[in-house]
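Got a structure here, written out as structure tokens. Questions coming.
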2 protein chains.
Amino acid sequence: MNKAQGAMSYDELRGAIAQRHRALSGRLQQIAEFVLDHPTDVALGTVAEVAQRSGVPPSAIVRFAHALGFGGFTEMQQVFRSRLVAGVAPSYKARLARMKSEEKSVLGRQPAAVLSRFVAEAQSSLVALSQSVHARELDAATAILAKARDIYLLGLGGSFPVATHLAYVLRKLGRRVVLLDGTGGSIHEQSHAATGEDALVAISFRNYYPDTARLFPELVARGVPTISITDSLLSPIVEGARVVFEIQDMPEPALRTLVAPMCLVQAMAIGLDLAAD
Amino acid sequence: MNKAQGAMSYDELRGAIAQRHRALSGRLQQIAEFVLDHPTDVALGTVAEVAQRSGVPPSAIVRFAHALGFGGFTEMQQVFRSRLVAGVAPSYKARLARMKSEEKSVLGRQPAAVLSRFVAEAQSSLVALSQSVHARELDAATAILAKARDIYLLGLGGSFPVATHLAYVLRKLGRRVVLLDGTGGSIHEQSHAATGEDALVAISFRNYYPDTARLFPELVARGVPTISITDSLLSPIVEGARVVFEIQDMPEPALRTLVAPMCLVQAMAIGLDLAAD
DNA sequence: GTGCGATTAGAATATTCATTCCATTTGTTA
DNA sequence: TAACAAATGGAATGAATATTCTAATCGCAC
């Protein structure tokens, strides 16, 4: 048995659970994972409720509390409740303090200030995204993808993360995807099999990656229906595209968070899946 | 008796109490004042406790709940508890409610609605990110990266886009980066040269990619200073890490937008660059 | 002051709850 | 394979809880 856990903060409890996790038995590990993921449920629920939601018998919950050094579930629950209580009142205070420290950060150079700057920027880019994308374009895009045999993804350089993410999601949804990444040589060869039966999603922002600009018109000329995600109507992947999503105000390459295009491709993929039923 | 108060928000309840205050009897007015002043006590206490603290008999508390149209104290307490839940996770409740209401409706299946849903979710994940990441962790992370000769990036499966993005930004800033992608065979070989002079950034979310879970402890054991970005303290890349960024409430793999981790790695990279001057 | 309706307090009750206990299963060592 | 220890699930138990009921009290009109 462990030492008594008299008064413990929620964060301390989290640490203690994480530390002992591997030493716990199977059932108890399962409970540990649940309570870390659903602290609110533990704070407000009864033993029976927590047990049901985590898929274990009630007695296991009590044993878990014992294993952590508590006298019982009720005692452990107090710690989870303290988190809720702390969340209401001092949040204002904490938020204000955080704001102040950020303002004071002389140059805005401290990592924390940098983060909040990117968060703020990402927020506004999301707002811009939802305003600039219209239902008609999304419908057209999902229609193209729905008819495609294979979906080719072209996004190199700074856009590569967006392409890989779209590839991942589409594959999870059971679509056939060819990610043009140039591994092992030419992306020309990777895209050689693309036809009008397939579809292409091209993603490119300034400065437009040369290979993208070169390959895109080839595929378009071969009759592959194309969806483009870019930051300007003058970009090299606009001409010939069936659908163009223009995401404006993309910061310079090293500073862009890719938040907006990530969201957009996600919505395209899920929208495609939901519409397919 | 008053009309039934089915589902009521805390603010609505406050308004209702204030409005009826003068129409209530003496004892009930006393209780009304107490509950408005001590909503947390009502949310977490028992009837007996609330009764004692407000200086009335328990039955009066129940009568008060009845007078407000609730079936009993327990029912009224739910409203006070909702306030606590809302306080700790500002957007969580709204997100769930929204998801549920939209999921069934025909509108929710249209691509445009899907997009706005993801945008909303991304927004809330950004708020959660800026609240959960502390300056101390960011400082420690940038310090590790600043001292590193080579920076190794480990992020496979669904986390791969995050790793590629971080690789891109760091390289733009002139850092030496090794992206462990397993191309052409074993990632073991790719990471073979890593030593204590280098650094590792590991990114992994549920379900944790097996190769990540396997490689991570090896690198840690070899003394490579490590920064982990994950969604639970129980994830396989937590133990042994110098710095852990925990990003909570990550949706299931196919639905996550990766917005929060993308922002975080961006801030790490830029913060590193600014601090290096 | 008297009578009547509304209000109240406290005891009684029925329910819900956390906890404990034990038989069974699971995993391990010999 | 056998024997043992650890862990587990579910029923039993006793405590705690919300609610109801009833007798007493209060406020008020007459």
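Every heavy atom of this structure was used, including side-chain atoms; hydrogens, water molecules and symmetry mates were not. Chain letters run A, B, ... following the sequence lines, proteins first and then strands; every chain starts at 1.
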OP1 or OP2 of D:dT8 under 4.0 Å from side-chain N/O of A:R63: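 Affirmative; the distance criterion is met.
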With a 4.0 Å limit, can you tell me whether B:R27 has a side-chain N or O closer than that to the phosphate oxygens OP1/OP2 of C:dA9?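 Indeed, a polar side-chain atom of B:R27 lies that close.
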Below 4.0 angstrom from OP1 or OP2 of D:dT19, is there any side-chain N or O of B:T74?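 Looking at the OP1 and OP2 atoms of D:dT19, one of them is under 4.0 Å from a side-chain N or O of B:T74.
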If you check the B:S25 side chain, which of C:dT7, D:dA7, D:dT19 turns out closest?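 In terms of side-chain proximity for B:S25, the closest of C:dT7, D:dA7, D:dT19 is C:dT7.
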For atom CD of A:Q77 and atom P of D:dT17, their distance in whole Å: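 Result: 12 Å.
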Answer yes or no: is there an ion pair linking B:R206 with A:D37, defined by an N-O contact shorter than 4.0 Å?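 Salt bridge between B:R206 and A:D37, a charged N being under 4.0 Å from a carboxylate O: yes.
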If you take the centroid of each ring, where Trp contributes its six-membered ring, are A:F80 and A:Y10 closer together than 6.0 Å?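 Ring centroids of A:Y10 and A:F80 are less than 6.0 Å from each other.
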Looking only at the side chain of A:V62 (C-beta and beyond, no hydrogens), which of the listed nucleotides D:dT19, C:dT8, C:dT20 gets closest?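 The listed nucleotide nearest to A:V62's side chain is C:dT20.
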Starting at CZ of B:F73 and ending at C1' of D:dT19, how long is that distance when rounded to a whole Å?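 Those two atoms, CZ and C1', are 12 Å apart.
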Whole Å only: how far is the CD1 atom of B:I61 from the P atom of D:dT17?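 Result: 15 Å.
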Return the nearest nucleotide to the side chain of B:P57; candidates are C:dA9, D:dT19, C:dC17.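 Of the candidates, C:dA9 comes closest.
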Can you figure out which of C:dA9, D:dG10, D:dT19 approaches the side chain of A:S59 most closely?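 Out of C:dA9, D:dG10, D:dT19, the nucleotide with an atom closest to A:S59's side chain is D:dG10.
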Any A:H66 side-chain N or O less than 4.0 Å from OP1/OP2 of C:dT20: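 Looking at the OP1 and OP2 atoms of C:dT20, one of them is under 4.0 Å from a side-chain N or O of A:H66.
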Residues that A:A60 engages under side-chain contact (heavy atoms from CB on, under 4.5 Å), provided they are two or more places apart: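 Per chain and number, A:A60 pairs via side-chain contact (heavy atoms from CB on, under 4.5 Å) with A:I31, A:V56, A:P57, A:R63.
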Using atom CD1 of A:I31 as one end and atom P of D:dT8 as the other, report the distance to the nearest whole Å.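 One finds 8 Å between P of D:dT8 and CD1 of A:I31, rounded.
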